[in-house]
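Everything on this sheet refers to the single structure shown next.
Order of the sequence lines sets the chain letters (A, B, ...), proteins ahead of strands, with each chain counted from 1. Heavy atoms only: backbone and side chains are in, while hydrogens, waters and symmetry mates are out.
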2 protein chains.
Amino acid sequence: MDEIDDFDRQLLALLQIDCRQTGDALAEQVGLSPASCLRRLQRLRRIGAVEREVAIVAPELLGRHITVLSLLTLRRGGRDALDRLRQKLLRLPQVERIFHVTGPADFVLTVRCASMEAYAAFTEEHFYDPAISGFESIVVLREHRPAMPDAAH
Amino acid sequence: MDEIDDFDRQLLALLQIDCRQTGDALAEQVGLSPASCLRRLQRLRRIGAVEREVAIVAPELLGRHITVLSLLTLRRGGRDALDRLRQKLLRLPQVERIFHVTGPADFVLTVRCASMEAYAAFTEEHFYDPAISGFESIVVLREHRPAMPDAAH
DNA sequence: GATTAATCGCAAGATTTTCGCGCAGGGTGA
DNA sequence: TCACCCTGCGCGAAAATCTTGCGATTAATC
């Protein structure tokens with residue numbers, strides 16, 4: 001039913017790098033016909049193996065020049081407060097990812113802002129919350145991303 | 001030249017959510033013709049505003065069931081050693097992101113492995129390195145992702 | 001060894017993207 | 001103010017790509 005075979009795994013690996021490859025390109029790399037590759041891709045999308053296909057946008061061009069890892073420590077309280085906080089954080093455009101983690105901190109967020117000043121304002125607005133007992137900020141000096149192997153002509 | 005106007009920003013916002021929309025769909029949302037949208041998209045790719053377009057794959061289906069944040073502290077040493085380490089980390093399939101950060105740690109990685117056991121093996125193989133003086137692991141219990149607003153079918 | 005189910009490749013048809021063209025709006029300088 | 005250029009628009013044709021029906025092949029089951 002939802003079985004993933006080696007062809008599927010190959011396709012997923014390729015699509016994780018570049019999801020805009022044509023059926024022909026995929027076919028050549030995995031050794032199937034273009035039609036079969038695309039049929040498999042349809043299925044992978046349908047069963048949720050491919051959750052989404054998204055563009056990665058240069059953050060500076062959206063005016064988000066700095067990245068910070070925010071470690072939030074929550075006040076022990078009801079699940080409701082926690083859910084509410086989570087929902088709120090999910091909706092903030094500055095919040096890129098939310099990890100619920102083990103250890104002294106409860107959440108680790110990756111946050112992107114226009115400037116340090118904007119991050120300061122962000123923390124003042126959102127981290128001084130009844131559900132949050134404290135936070136720590138780790139500033140990202142630079143992010144290293146795996147390059148795309150073959151920036152098409 | 002490389003100017004980003006409001007149409008571009010709208011397109012980028014839409015493509016960040018779903019980069020597989022057709023020219024027609026984009027056109028309807030931003031109020032331009034399909035051809036113009038696609039021409040802008042070509043340009044956004046060319047100037048690097050759209051860095052990549054990737055599929056987000058359900059990690060379990062790739063056999064990567066757990067996520068860990070690894071905080072690496074480096075031994076003070078030459079730039080060469082640091083560069084070499086960075087290059088090495090970039091190539092590991094388990095390493096999803098690499099942040100070079102301020103604070104006591106030098107690097108924060110997001111690492112995906114099949115199991116805790118696999119993570120342990122991973123650390124033994126890669127974190128006991130002359131360039132690394134120590135590391136801390138924060139296990140991700142759960143990740144909350146912003147949902148895609150309208151899974152078209 | 002027959003039957004069933006899955007999936008392949010092929011190729012026609014539908015959809016989407018690319019691109020040349022002519023035109024409108026906005027600066028610029030005489 | 002008036003040419004003039006430059007940019008970006010929409011239109012529509014051509015090219016590229018994706019989808020799907022079909023018969024054939026293969027693997028598994030009984």
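The side chain of A/Gln42 contributes an N or O atom lying less than 4.0 Å from OP1 or OP2 of D/dT20. The phosphate of C/dG9 has OP1 or OP2 within less than 4.0 Å of a side-chain N or O from A/Ser36. The side chain of A/Arg40 contributes an N or O atom lying less than 4.0 Å from OP1 or OP2 of C/dC8.
B/Leu41 places its CG atom 13 Å from the P atom of D/dC9, with the value rounded to the nearest Å. Between the CD1 atom of B/Ile4 and the P atom of D/dT7 there is a distance of 16 Å, given to the nearest Å. Note: CG (B/Leu26) to P (C/dT17) measures 8 Å, nearest angstrom. A straight line from CZ of A/Arg46 to C1' of D/dT20 spans 14 Å, rounded to a whole angstrom. One can place CZ of A/Arg43 at 11 Å from C1' of C/dA6, the figure rounded to the nearest angstrom. Rounded to whole Å, atom C1' of C/dA6 lies 14 Å from atom CG of A/Leu32. Following rounding to the nearest Å, B/Leu38 (CG) and D/dC9 (C1') show an atom-to-atom distance of 14 Å. Rounding to whole angstrom units, CZ of residue B/Arg20 and P of D/dT19 are separated by 8 Å.
A heavy-atom distance below 4.5 Å is not found between the side chains of A/Val111 and A/Arg64. Contact of the B/Glu51 side chain with the A/Pro59 side chain is registered, since non-hydrogen atoms from C-beta on lie closer than 4.5 Å.
Other residues, nucleotides and ligands contribute over 12 non-hydrogen atoms within 6.0 Å of the CD atom of A/Gln87.
Taking for each of A/Asp24 and A/Ala35 the nucleotide of DNA chain D with the nearest heavy atom, the 5'-most of the two is the partner of A/Asp24.
Under the side-chain hydrogen bond (donor to acceptor under 3.5 Å, both in side chains) rule, A/Thr67 has a single partner from A/Arg142, A/Arg112, A/Glu96, which is A/Arg112.
With hydrogens and angles left out, the side chain of B/Arg39 and the base of C/dG20 share a donor-acceptor pair within 3.5 Å.
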